[in-house]
Amino acid sequence: MFGRSAAVYDLLYADKPYAAEARALDRALRRRRPRGRALLELGCGTGRHALELARRGWRVTGVDRSRGMLARARRRATGAGLPRERRPVFRLGDLRGIRLGRRFDAVVALFHVFSCLRDEAELAAALAAARAHLRRGGTLVFDA
């Protein structure tokens, strides 16, 4: 669904307050895990939240199943003025079954990513994937 809209996605959401949302999310996550640094974003789209969170000190890995969205996210990160080691890393994958082989302090699925799932089985798979990536005491944040 989002592969076809990648070319216009950022235009459609140009007024979305990504920086303010990332700031609020950062504050909430830091209350729970003050020294947290590693964050996985499921359904990262064109990388706007990922980049804002990276600017706040998170080491972000973004996952999306749309190659077009990821291409835009990678271009955005390259031109963001952050040192290479602080830029988000973007990976192709489906949030219902991704297994990266590592754990994170926080896993987030923002902007109604879970609302795109079709049924309870897909939601359960996405939650299991999120849990598989959380460190002990880690935090999952999503909206729906």
Side-chain angles (χ1 to χ4, degrees), residues 1-100 102-120 122-135 138-144:
M1 171 167 82
F2 289 104
R4 294 182 300 217
S5 66
V8 296
Y9 187 85
D10 287 330
L11 293 172
L12 292 172
Y13 298 105
D15 293 334
K16 185 168 175 45
Y18 287 96
E21 290 174 3
R23 191 171 38 255
L25 178 60
D26 176 59
R27 279 195 302 263
L29 291 173
R30 299 266 182 231
R31 279 194 298 271
R32 295 218 4 102
R33 202 153 178 118
R35 290 192 266 284
R37 292 288 175 258
L39 184 142
L40 173 62
E41 184 181 6
L42 300 173
C44 65
T46 62
R48 292 182 69 185
H49 281 121
L51 186 57
E52 293 296 335
L53 290 163
R55 287 182 174 133
R56 286 162 178 73
W58 291 94
R59 290 186 321 270
V60 180
T61 299
V63 172
D64 205 282
R65 67 184 198 175
S66 167
R67 291 179 194 279
M69 294 285 201
L70 290 172
R72 291 180 179 281
R74 289 179 181 122
R75 281 194 300 274
R76 172 172 280 114
T78 299
L82 289 173
R84 173 167 274 169
E85 66 274 5
R86 293 210 26 233
R87 291 179 198 157
V89 173
F90 297 104
R91 305 275 308 266
L92 182 66
D94 190 311
L95 66 96
R96 295 167 292 185
I98 188 83
R99 295 296 188 274
L100 299 174
R102 61 179 286 225
R103 298 198 178 247
F104 298 82
D105 300 304
V107 174
V108 301
L110 306 172
F111 202 18
H112 303 280
V113 167
F114 282 1
S115 297
C116 295
L117 301 172
R118 295 179 293 201
D119 55 35
E120 288 179 30
E122 287 191 0
L123 177 59
L127 290 170
R131 184 172 192 233
H133 290 94
L134 278 172
R135 289 188 176 129
T139 303
L140 169 63
V141 176
F142 66 93
D143 56 6

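All values below come from the heavy atoms of this structure, side chains included, with hydrogens, waters and symmetry mates left out.
Across H112 and A144, no two heavy atoms sit closer than the pair ND1-C, 3.4 Å. For the residue pair L29 and A106, the shortest heavy atom distance occurs at CD2-CB, 3.9 Å. Here the shortest heavy-atom pairing between A126 and F114 reads CB-CE1, 4.0 Å. A132 approaches R99 most closely through the heavy-atom pair CB-NE, 3.7 Å. When all heavy atoms are compared, the tightest approach of A50 to F90 is CB-CE2, 3.8 Å. Residue A129 comes nearest to G97 through the heavy atom pair CB-N, 4.5 Å, listed as atom of the first residue, atom of the second, then distance.
Heavy atoms of other residues, nucleotides or ligands lying less than 6.0 angstrom from CZ of R37 number more than 12. Crowding of R84 atom CZ: a count of heavy atoms from other residues, nucleotides or ligands under 6.0 Å not exceeding 12. For R103, the CZ atom counts as densely surrounded, since its 6.0 Å shell holds more than 12 non-hydrogen atoms of other residues, nucleotides or ligands.
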* To do: Verify side-chain contact (heavy atoms from CB on, under 4.5 Å) between L95 and L117, making sure each step is shown before the conclusion.
  => CA-CA 10 Å; L95 66 96; L117 301 172; 4.1 Å; yes
* **Chi angles and distances behind the salt bridge (charged side-chain N to carboxylate O under 4.0 Å, His left out) call for R48, E52** => CA-CA 6 Å; R48 292 182 69 185; E52 293 296 335; over 6 Å; no
* List the steps, then state whether side-chain contact (heavy atoms from CB on, under 4.5 Å) holds for R23 with D26. => CA-CA 5 Å; R23 191 171 38 255; D26 176 59; 5.7 Å; no
* Asked: Does the side-chain contact (heavy atoms from CB on, under 4.5 Å) test come out yes or no for R91 and T61, once each step is laid out?
  -> CA-CA 7 Å; R91 305 275 308 266; T61 299; 4.0 Å; yes
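Not one N or O on the side chain of R32 forms a donor-acceptor pair closer than 3.5 Å with the backbone of A28. Looking only at distances, a side-chain donor or acceptor of R86 sits under 3.5 Å from a matching main-chain atom of A54. R59 places no side-chain N or O within donor-acceptor distance of the main-chain N or O of P88, the cut-off being under 3.5 Å.
Within the 6.0 Å centre-distance limit, the rings of F111 and Y13 are counted as a close aromatic pair.
In this structure, the separation between NE2 on H133 and CZ on R131 is 13.5 Å, given to the nearest 0.5 Å. To the nearest 0.5 angstrom, L40 atom CG is 8.0 Å from I98 atom CD1. Atom OG1 of T46 and atom CG of D64 lie 9.0 Å apart (nearest 0.5 Å). For the atom pair CH2 (W58) and CG (L39), the distance works out to 6.0 Å, reported to the nearest 0.5 Å. Note: L25 CG to Y18 OH = 14.0 Å, rounded to the nearest 0.5 Å. With rounding to the nearest 0.5 angstrom, the OG atom of S66 is 12.0 Å from the CG atom of D94.
Under the 4.5 Å side-chain criterion, counting only non-hydrogen atoms from C-beta, R65 is in contact with R96. The side-chain heavy atoms of V113 and D143, taken from C-beta on, include no pair separated by under 4.5 Å. Residues E21 and K16 form a side-chain contact, since some pair of their non-hydrogen atoms from C-beta on lies under 4.5 Å apart. Using a 4.5 Å heavy-atom threshold, the side chains of F142 and L42 count as separate. Contact check for R72 versus Y9: no side-chain heavy atoms found under the 4.5 Å cut-off. At least one side-chain heavy atom of E41 sits less than 4.5 Å from a side-chain heavy atom of L110. Under the 4.5 Å side-chain criterion, counting only non-hydrogen atoms from C-beta, L92 is in contact with L70. When side chains are defined from C-beta on, H49 does not count as touching V108, because their heavy atoms never get closer than 4.5 Å.
Each of R35, R30, R135 was scored for a salt bridge (Lys or Arg N to Asp or Glu O under 4.0 Å) with D105, with one residue passing: R135.
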